[in-house]
**Student:** 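Just dropping this structure here.
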Amino acid sequence: MEQQAKVTSVDALETFRASLILFLSKAKPALEEVMHEVVRTRLWIENEQRTFWEREIKTRRRKLEQAQAELFSARISKIQEASAAQQMAVHHAQRAIQAAEEKMRMLKKWNRELENRADPLVKQIEQLHGFLMNDMGKAVAFLAEAVKILQSYAEVSIGTRPIPAPVSTETENLTSAGESSDQSAPKTNL
């Protein structure tokens with residue numbers, strides 16, 4: 001018994017293939033953007049922010065040294081009014097240094113947290129990106145090949161299929177009348 005595949009819509013495969021290509025064209029850049037954003041954030045924390053707060057701590061320490069020198073000068077000259085203002089300037093400079101050092105500690109903590117939290121997720125994104133680039137690329141190629149094969153199969157099966165001869169209504173009436181009379185009449189052997 002010869003079995004025949006019934007190919008009804010090669011267009012559905014082609015539409016799916018086109019949709020897959022569209023999805024891949026949007027998914028790849030989105031994943032790449034996420035990976036680049038993590039790298040940019042890491043560089044921002046490790047380089048720009050670290051450099052900024054290191055400079056800020058140095059600047060604030062210089063201001064503290066200057067405020068302490070002014071306070072020392074005011075104490076030597078025994079100017080009471082100036083001495084209170086210089087003391088406030090020293091306390092203000094000390095608080096500014098403490099705030100900058102706290103920012104630096106937080107920056108180091110964020111750097112560790114980013115590595116701990118982002119690295120596993122970035123690895124998953126990289127795996128998904130690899131899957132989309134390799135496996136889904138192969139799937140698109142496979143679908144293209146399947147469409148070609150099914151189209152050629154459909155063309156061959158239509159071309160080799162015998163075309164039924166047109167039956168006239170007169171022949172059909174005679175055939176159906178003959179069948180009904182044959183079935184109702186008993187058969188006799190003569």
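Because only heavy atoms are used, hydrogens play no part in the values below, and waters and symmetry mates are left out as well, while side chains stay in.
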**Student:** Do any pairs count as a side-chain hydrogen bond (donor to acceptor under 3.5 Å, both in side chains) and have a residue in residues 10-27, sequence neighbours left out, and if so which ones?
**Tutor:**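 Pairs touching residues 10-27 that pass the test: Glu14-Arg17.
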**Student:** Going through the checks in order, is the side chain to side chain contact (heavy atoms under 4.5 Å, CB included) test met by Leu107 and Met104?
**Tutor:** CA-CA 5 Å; Leu107 192 62; Met104 192 63 144; 4.1 Å; yes
**Student:** Taking only residues two or more places apart in sequence, or in another chain, which ones meet Arg50 in a salt bridge (Lys or Arg N to Asp or Glu O under 4.0 Å)?
**Tutor:**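 Arg50: salt bridge (Lys or Arg N to Asp or Glu O under 4.0 Å) contacts with Glu54.
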**Student:** Do Val10 and Ile149 belong together in a cluster built from hydrophobic side chains that touch within less than 4.5 Å?
**Tutor:**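 No: no chain of side-chain contacts under 4.5 Å links Val10 to Ile149.
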**Student:** If the threshold is 4.0 Å, N to carboxylate O, is there a salt bridge linking Arg40 and Glu33?
**Tutor:** yes
**Student:** How about Phe52: does its CZ atom have over 12 heavy atoms from other parts shown lying under 6.0 Å from it?
**Tutor:**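 Counting other residues, nucleotides and ligands, CZ of Phe52 exceeds 12 neighbours.
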**Student:** If Ile, Leu, Val, Met, Phe, Trp and Tyr residues are connected whenever their side-chain heavy atoms lie under 4.5 Å apart, and connections chain through other members, are Val38 and Leu128 in the same group?
**Tutor:** no
**Student:** With side-chain hydrogen bond (donor to acceptor under 3.5 Å, both in side chains) as the rule and sequence neighbours excluded, what pairs involving residues 121-147 come up?
**Tutor:**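 Residue pairs with at least one partner in residues 121-147: Glu32-His129.
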**Student:** Is there a path of hydrophobic side-chain contacts, each under 4.5 Å between heavy atoms of I, L, V, M, F, W or Y residues, that connects Phe142 with Ile21?
**Tutor:**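 Phe142 and Ile21: separate clusters.
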**Student:** When Ile, Leu, Val, Met, Phe, Trp and Tyr are grouped by side-chain heavy atoms lying under 4.5 Å apart, directly or through other members, which residues fall in the same group as Val39?
**Tutor:**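 Cluster partners of Val39: Leu43.
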**Student:** Out of curiosity, does Ile97 fall in the hydrophobic cluster containing Trp53 (side-chain heavy atoms, cut-off under 4.5 Å, transitive links)?
**Tutor:**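 No: no chain of side-chain contacts under 4.5 Å links Trp53 to Ile97.
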**Student:** So, taking the atom named NZ in Lys103 and the one named CD1 in Ile57, what distance separates them when rounded to the nearest 0.5 Å?
**Tutor:**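 Output value for this atom pair is 11.5 Å.
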**Student:** When you check the gap from the basic side-chain N to the acidic O, do Arg60 and Glu65 get nearer than 4.0 Å?
**Tutor:** no
**Student:** Between His92 and Met88, is any pair of side-chain heavy atoms under 4.5 Å apart?
**Tutor:** no
**Student:** Which distance, rounded to the nearest 0.5 Å, do you find between the CG of Leu132 and the CD1 of Ile125?
**Tutor:**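 Spacing of CG (Leu132) from CD1 (Ile125) equals 11.5 Å.
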**Student:** Using 0.5 Å steps for rounding, measure from the NZ atom of Lys148 to the CG atom of Leu13.
**Tutor:**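 The distance works out to 14.0 Å.
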**Student:** Which residue pairs satisfy the side-chain hydrogen bond (donor to acceptor under 3.5 Å, both in side chains) criterion with at least one member in residues 105-115, sequence neighbours excluded?
**Tutor:** Glu102-Arg105, Glu113-Arg117
**Student:** Of the options Gln94, Glu56, Glu101, Gln66, which is the one that meets Arg61 in a side chain to side chain donor-acceptor pair (under 3.5 Å)?
**Tutor:**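 In the set Gln94, Glu56, Glu101, Gln66, the residue that makes a side chain to side chain donor-acceptor pair (under 3.5 Å) with Arg61 is Glu101.
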**Student:** Tell me every residue that passes salt bridge (Lys or Arg N to Asp or Glu O under 4.0 Å) with Glu70, counting only those two or more places apart in sequence or in another chain.
**Tutor:**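 Salt bridge (Lys or Arg N to Asp or Glu O under 4.0 Å) check on Glu70 returns nothing, list empty.
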**Student:** Would you say NZ of Lys28 has more than 12 non-hydrogen atoms from neighbouring residues, nucleotides or ligands within 6.0 angstrom?
**Tutor:** yes
